[in-house]
Amino acid sequence: MELRDTARAAAGAIADRLASPDDARRLDLVQGWWPQSLAHGAAGVALLHIERARSGHGPWQRAHDWLACAAEGGAVGGPDAHLYYGAPALAFALHAAADRPGRYARALDTLDTHVTELVRQRLRFAHARIDDGDYPELAEYDAIRGLSGLGALLLRRREHTELLREVLTYLVRLTEPVKHDGELLPGWWTHLAPSGKPSLDYPEGHANNGVAHGIGGPLALLALTASTGITVPGQVKAITRVLAWLDRWQQAGPTGPWWPYWVTRKQLRSGAPGPGPSRPSWCYGTAGFARAQQLAALATGDADRQRAAEAALLRSVSDPGQRDATVDLSLCHGFAGLAHITRIVAADALTPGFTDSLPILLAPITGTPPEGLVNTPCEPVGGGDIGLLEGAAGTALALHTFATDSPPLSGWDSAFLIT
């Protein structure tokens, strides 16, 4: 059986095991039951069935059932909501399902009201924080919980472009250097640990570089919007500032360049990061860094940077040591994410050779039985997680997209700020 056929069969088998929300409730889910979570719950599983239905590979009824499950009890709003949870997550999933004009229009209008109110509130708090000279929390700006993720939703919806520009204006401010205790720091320097909480291990905080929780997410959104013509004053300069920071911390290893996940104040003073490279994942590794920089290069017309970013990814996924550091199958930090980003980078690349690595990246997934991909804690898929970020639905979406050999019709991967 050819690899695309194997991937198609594996994606279909996972979708069949996640056919019904009622059946999934009985699974031993490591994250528990979070219906409105894209990351771990019903909203994320809905995306799998939406993509399969839109491409003619599955019934719409499954998508409707999972959407109804996610929406049960009304949309969660307030400070806990973000792209991956609550009203924004529902809006993202419903927009993905709207395969014709007017479909879900009333529900989306209602959700848009929640989302725009949330974004405006977040922006007020963020600007006030900057005005007061305080450090940001990761959740203020990152791709998962912060304004970069909400900006990705606004970009996908294209209903509130002026509000999206307000998000971009904030991100421009975020990249401006600030002085604390006599030291010049990047504007996204946080007083917290990478966990997003205070820690004695990070007494002076850190600068987070990752796409999921660091400056990689804002960089990707600034680049994606610039490429679509949605811009604000200072946007290119902000992109340049972030790229200069990443250039400063780029490390030259025997298997290619790599970037530290984050930089502490001690490392900032010494100019030396910790050991690396680690796994080349989307959330923190070379795959995420390379795609964000490729997007920035495409937005600014920098062919040299584009080639350099592409070469970094190609060398990382070709390195057995870095592949061995990848220990699960998920989109967030596993083989599904590596394979999917490799395909996306290849589609825009000036550099050949990416498709040669796909069989190796997909082998750990296609070689795992479907029951292991869904809910066997001993299997490396996320320990019984059904969702998009670390679970079976995300893995199946990567397999399905590879099998169809075309961009997702639902745009599910825009939640990762890679498209």
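Any value given below was found using the heavy atoms of this structure, including those in side chains, with hydrogens, waters and symmetry copies removed.
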Quiz prompt | Residue that, paired with E140, satisfies salt bridge (Lys or Arg N to Asp or Glu O under 4.0 Å) out of R145, R129, R122, R124 | solution = R129
Practice problem: Could you go through the side-chain hydrogen bond (donor to acceptor under 3.5 Å, both in side chains) check for N208 and H206 one step at a time? | Solution: CA-CA 6 Å; N208 199 297; H206 75 291; 3.2 Å; yes
Quiz item: When the aromatic ring centroids of W282 and F416 are compared, is their separation below 6.0 Å?
Solution: yes
Exercise. Would you confirm whether T342, through its side chain, and F354, through its main-chain N or O, come within 3.5 Å as a donor-acceptor pair?
Key: no
Quiz prompt | Aromatic centroids of H180 and Y135 separated by under 6.0 Å | solution = yes
Quiz item: According to the interplanar angle, ranging from 0 to 90°, do the rings of H49 and W66 count as parallel (below 30°), tilted (30 to 60°) or perpendicular (above 60°)?
Solution: parallel
Quiz item: Does the side chain of L184 come within less than 4.5 Å of P177's, by heavy atoms?
Solution: yes
Practice problem: Taking the side chain as every heavy atom from C-beta outward, state whether H57 and T404 have any pair of such atoms under 4.5 Å apart. | Solution: yes
Quiz item: Out of curiosity, R265 CZ to R269 CZ, how far, rounded to the nearest 0.5 Å?
Solution: 5.5 Å
Quiz prompt | Pi-cation contact, F92 with R156 (under 6.0 Å, within 45°) | solution = no
Quiz item: Any luck finding a side-chain donor-acceptor pair between S330 and D328 under 3.5 Å?
Solution: yes
Exercise. Compute the ring centroids of W245 and W188, then answer whether they are less than 6.0 Å apart.
Key: yes
Quiz item: Is Q36 reaching over with its side chain to a backbone N or O of V76, donor-acceptor style, under 3.5 angstrom?
Solution: yes
Quiz item: Any donor-acceptor pair under 3.5 Å linking the side chain of E176 with the backbone of G187?
Solution: no
Self-check item: Check: S410/H95 side-chain N/O donor and acceptor closer than 3.5 Å
Solution: no
Practice problem: Evaluate the side-chain proximity of F335 to S281: yes if any heavy-atom separation is below 4.5 Å, no if none is. | Solution: no
Exercise. Mind running side-chain contact (heavy atoms from CB on, under 4.5 Å) on T264 and L268 for me, showing each step along the way?
Key: CA-CA 6 Å; T264 66; L268 181 69; over 6 Å; no
Practice problem: Evaluate the ring planes of Y284 and Y261, with Trp represented by its six-membered ring, and classify them as parallel (under 30°), tilted (30 to 60°) or perpendicular (over 60°). | Solution: parallel
Practice problem: Check whether the side chains of R173 and H127 place a donor and an acceptor atom closer than 3.5 Å, and report yes or no. | Solution: yes
Quiz item: Is a side-chain N or O of R291 found less than 3.5 angstrom from the main chain of I418, in a donor-acceptor match?
Solution: yes
Self-check item: T419-D413 side chain donor-acceptor pair, cut-off 3.5 Å
Solution: yes
Quiz prompt | Donor-acceptor side-chain pairing of R279 and Q322 below 3.5 angstrom | solution = no
Practice problem: Determine, for W60 and R103, whether the Lys NZ or Arg CZ falls below 6.0 Å from the six-membered ring centre while staying within 45 degrees of the axis. | Solution: yes
